[in-house]
Amino acid sequence: MEKTVKNVLEGKLDASGLKIAIVCARFNEFFVSKLLGGAMDSIVRHGGSAENVTVAWVPGSYELPFGVSQLLKSGKFDAAIAIGVVIRGATAHADYINGQVSKSLAQIGLDTGVPVIYSVVTTENIEQAIERSGTKAGNRGADAAVSAIEMANLTKQIRGL
C-alpha cells in the first residue's frame, strides 16, 4: 500500500503583493548594480511590482546585516535580500567578511521569522565576479529574488496552518 503525503508545503513563484527589502553594498557597485538589476527583473517577471520593493544602500558587505536588520524591524516586509560582492585579495580580509556576514544574515532571518536571502557573491577574482553578475554563470541577484519569492510564500503558508 502506497502512502501519500497529504500536506506538502511549497512556496509558489508568485511575487504579486509581496513586499521585499533589498540591501545593496556600495563597495564593488559596478557588480552589485548588475545583481540588483537581475533581482528586480526577476521580481517583476514573477508578478511583483517595483513599487513593493525597497532598496537600501550601505557602504560595504560588512554593513549588509545591519541594513537588513533595521528594515525588517519595521515589520513591513515579506522577505529581504542582501546583495554584495567580495573579491578575494592578497589578505584573509575576505574570509572574515564572508563568514561574519553569512552568519549574521542567517541569524536575522531566524530572529525575525522573515526570510533573508544571502546574495553576496564571493569570488577569487574580477573575472568570476563578472561571470556571476549576469554573464555565462547567470545572475546571482535574479536567483536570490526567486528564492525570496518562494520563501516568502512558503512562510505565509506555514503561518496559515
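Any value given below was found using the heavy atoms of this structure, including those in side chains, with hydrogens, waters and symmetry copies removed. Numbers here are sequence positions counted from 1.
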With the 4.5 Å side-chain cut-off for hydrophobic clustering, are [X] and [Y] part of the same group?
X: M151; Y: L9; answer: yes
X: W57; Y: V120; answer: no
X: L36; Y: I149; answer: yes
X: I22; Y: V121; answer: yes
X: F27; Y: L105; answer: no

Other residues, nucleotides, ligands: >12 heavy atoms within 6.0 Å of L13 CG: yes
More than 12 heavy atoms from other groups under 6.0 Å of OH on Y118: yes
By side-chain contact (heavy atoms from CB on, under 4.5 Å) - contacts of D111 (at least two apart): Q107
Do you know which two heavy atoms are closest between [X] and [Y], and how far apart they sit?
X: C24; Y: V55; answer: SG-CG1, 4.1 Å
X: A144; Y: S119; answer: CB-CB, 3.5 Å
X: L35; Y: R132; answer: CD2-O, 3.5 Å
X: N139; Y: G141; answer: OD1-N, 2.8 Å

Side chains of I20 and N52 in contact at under 4.5 Å (non-hydrogen atoms): no
Donor-acceptor contact below 3.5 Å, side chain N125 vs main chain Q128: yes
Any donor-acceptor pair under 3.5 Å from S33 side chain to E29 backbone: yes
Derivation of the side chain to side chain contact (heavy atoms under 4.5 Å, CB included) call for T122 and R88: CA-CA 7 Å; T122 58; R88 182 176 302 285; over 6 Å; no
Pairs meeting criterion salt bridge (charged side-chain N to carboxylate O under 4.0 Å, His left out) with involvement of residues 39-61, two or more places apart: D41-R45
For E127, salt bridge (Lys or Arg N to Asp or Glu O under 4.0 Å) partners two or more places apart: none
Residues in salt bridge (Lys or Arg N to Asp or Glu O under 4.0 Å) contact with R26, at least two apart in sequence or another chain: none
Partner of I43 by side-chain contact (heavy atoms from CB on, under 4.5 Å), out of V53, L18, V146: V53
Can you give the donor-acceptor pairs under 3.5 Å from side chains of residues 66-86 to other protein atoms, not counting sequence neighbours?
| unit_1 | atom_1 | unit_2 | atom_2 | d |
| --- | --- | --- | --- | --- |
| S74 | OG | L71 | O | 2.7 |
| S74 | OG | K76 | N | 3.2 |
| D78 | OD2 | K19 | N | 2.8 |

Members besides V8 in its Ile/Leu/Val/Met/Phe/Trp/Tyr cluster (side-chain heavy atoms under 4.5 Å): V5
